Protein chains: 2
Amino acid sequence: MTYDQLKQTALIQFAQLGYEGASLSVIANEVGIKKQSIYTHFKSKDDLYIQTFHEATDCEIDFVKQFIEDQESLQLREVLSKFLTEYLERFEKNNNMKFFMRTSFYPPVKHEEVIKAGSNRFVDRLESLFTALFEQYSDELRHDVTPETAALAFLTMLDGLLVELIYGIPERLQKRSKQSWSVFWRGISIESGEL
Amino acid sequence: MTYDQLKQTALIQFAQLGYEGASLSVIANEVGIKKQSIYTHFKSKDDLYIQTFHEATDCEIDFVKQFIEDQESLQLREVLSKFLTEYLERFEKNNNMKFFMRTSFYPPVKHEEVIKAGSNRFVDRLESLFTALFEQYSDELRHDVTPETAALAFLTMLDGLLVELIYGIPERLQKRSKQSWSVFWRGISIESGEL
DNA sequence: AACCACCTTCCGAACGGTCGTAAGGTAATC
DNA sequence: GATTACCTTACGACCGTTCGGAAGGTGGTT
């Protein structure tokens, strides 16, 4: 269906070039139709853009929610490190995430409000999901580390690694990810003596 | 001098709107000259852009270098937390930093290579400066934490907080910054029992 | 089976607008 | 007299958008 192809192609273009950088004629070209035909499916470029954004937001929220639900029987340490690697890998392969991040970081001014609302929805969800996770495993936490503290520190580290991901030097990401994780784990975990 | 005004205004515009979003006529307007007069000072939009970028990079490197040099007599903990707050504050007030971050994160495709080189220059500098700093204070580090580990973990946390800065919700940044710092410090420091 | 009305999808042509850029002219400065 | 800084005018390219119509499919009426 042309409609879905359009959304998918727009997602990629917006992710790579941003709102202003992406052009309707290129998008249409890639799909195999003329620029004017886009208006059969979408009211305007803005319409296409924010519709893409909303779906991307939902998709990102679903991913995290699903991931956490799926990890039932693992230990805290395993859940977290698995999430870390899987989420970072996701960036490489998933245009949805690339688009969502770019849009959240630097939205076009005229849609700033809508997009800020959307990304806050995502971040709030992330925080509450991870706080709940840490509550569930709170016996593995140091006594002076609350679940919320652990969650926020973890998510901050995650954001920091995403930045490295954007910079796009795999070896550096690898190093940072390993070292940050070790410091983080030492900072929250009750088992204090190991490497 | 018009030349400097142009660069300064361009910096702000590029920081707020990105390369494609910024327009030469708006920039000229803001300075008080006509668009075409820009070409007296710069060969092209690209020229203006990458020249602005190189100066921004130098400026960012200088800031960090200067900051670290200035903190002689403080304790490690104080140096780090002071850097954290000062660097985050810098983002609010300093357009140079905003521009540099935006450009490093999402450069226009046609200048990707030049800009990646520039931001790597910055990141490498950061890493070596902070590794040196942690070496200097290595007696305050846990025995199983190398200076490099501490540096990379710190810089990752810093990047994560910068992301929160971009999102632009001060209270959330405040919370994240406090909690991340406490976890980080527990993760690297030898003094293990305090809050 | 044949006709008609309707809807969807697409495209050609064209719109007004903005973009970055070029060339040439005019003062002022050194 | 050469150089510098700014101007006016104009250009072609591309942008997002609109309109009218061609083509094809669907469903209802006769």
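Values reported hereafter were calculated over all heavy atoms of this structure, with side chains retained and with hydrogens, waters and symmetry mates removed. Because the structure is predicted, anything quoted here is derived from the model rather than measured. Every chain is numbered from 1, with letters handed out A, B, ... down the list of sequences.
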Quiz item: Rounded to the Å, how far apart are A/Met1 CE and C/dT8 P?
Solution: 11 Å

Quiz prompt | Candidates D/dC7, C/dC11, C/dT21 - which lies nearest the side chain of B/Lys45 | solution = C/dT21

Quiz item: Atom CD1 of A/Ile38 to atom C1' of D/dC15: distance rounded to whole Å?
Solution: 12 Å

Self-check item: Length of the line joining B/Leu48:CG and C/dC19:C1', which is rounded to integer Å
Solution: 15 Å

Quiz item: With side chains defined as the heavy atoms from C-beta onward, is the minimum distance between A/Met101 and A/Phe91 less than 4.5 Å?
Solution: yes

Quiz item: Within less than 4.0 Å of OP1 or OP2 of D/dA5, is there a side-chain N or O belonging to B/Ser37?
Solution: no

Quiz item: Can you check the A/Tyr39 OH to C/dA14 P distance for me, whole Å?
Solution: 19 Å

Exercise. Establish whether B/Val109 and B/Leu17 are linked, either directly or via other cluster members, by ILVMFWY side-chain heavy-atom contacts under 4.5 Å.
Key: no

Exercise. Kindly confirm or rule out a cation-pi arrangement of B/Lys45 over B/Tyr19, judged by NZ or CZ under 6.0 Å from the six-membered ring centre and within 45° of its axis?
Key: yes

Quiz item: Atom NZ of B/Lys34 and atom C1' of C/dA22: how far apart are they, to the nearest Å?
Solution: 18 Å

Exercise. Sort out for me which residue in B/Lys98, B/Arg121, B/Arg90 forms a salt bridge (Lys or Arg N to Asp or Glu O under 4.0 Å) with B/Glu60.
Key: B/Arg90

Quiz item: Hey, would you say the A/Phe14 and A/Phe53 ring centroids sit under 6.0 Å apart?
Solution: no

Practice problem: In whole angstrom, give the distance that lies between atom CG of B/Leu6 and atom P of D/dT4. | Solution: 17 Å

Exercise. Select one nucleotide: of D/dA5, D/dT8, D/dG16, the one nearest the side-chain heavy atoms of B/His41.
Key: D/dA5

Exercise. Specify the separation, in whole Å, of atom CG of A/Leu24 and atom P of C/dG17.
Key: 19 Å

Quiz item: With a non-hydrogen cut-off below 4.0 angstrom, is B/Ala28 in contact with a base, only sugar-phosphate, or nothing?
Solution: nothing

Quiz item: Can the ring centres of A/Phe122 and A/Phe100 be said to be less than 6.0 Å apart?
Solution: yes

Quiz item: Side chain of A/Thr2: nearest nucleotide among C/dC10, D/dC15, D/dC6?
Solution: C/dC10

Quiz prompt | Spacing between A/Phe42 atom CZ and C/dT8 atom P, to the nearest angstrom | solution = 15 Å

Practice problem: Give the nucleotide from the list C/dT9, D/dT17, D/dG16 with an atom nearest to the side chain of A/Ser44. | Solution: D/dT17

Quiz item: Looking at A/Ser23, does any N or O in its side chain come under 4.0 Å of the phosphate oxygens OP1/OP2 on D/dC15?
Solution: yes

Practice problem: Ignoring hydrogens and angles, state whether a donor on the side chain of A/Asp4 or A/Gln8 is under 3.5 Å from an acceptor on the partner side chain. | Solution: no

Quick one: which protein N/O atoms are closer than 3.5 Å to N/O atoms of nucleotides 19-26 of chain D? Pair and distance per line, please.
none

Exercise. Go through the N and O atoms of the side chain of B/Lys35 and the base of C/dG20, and report whether any donor-acceptor pair is under 3.5 Å.
Key: yes

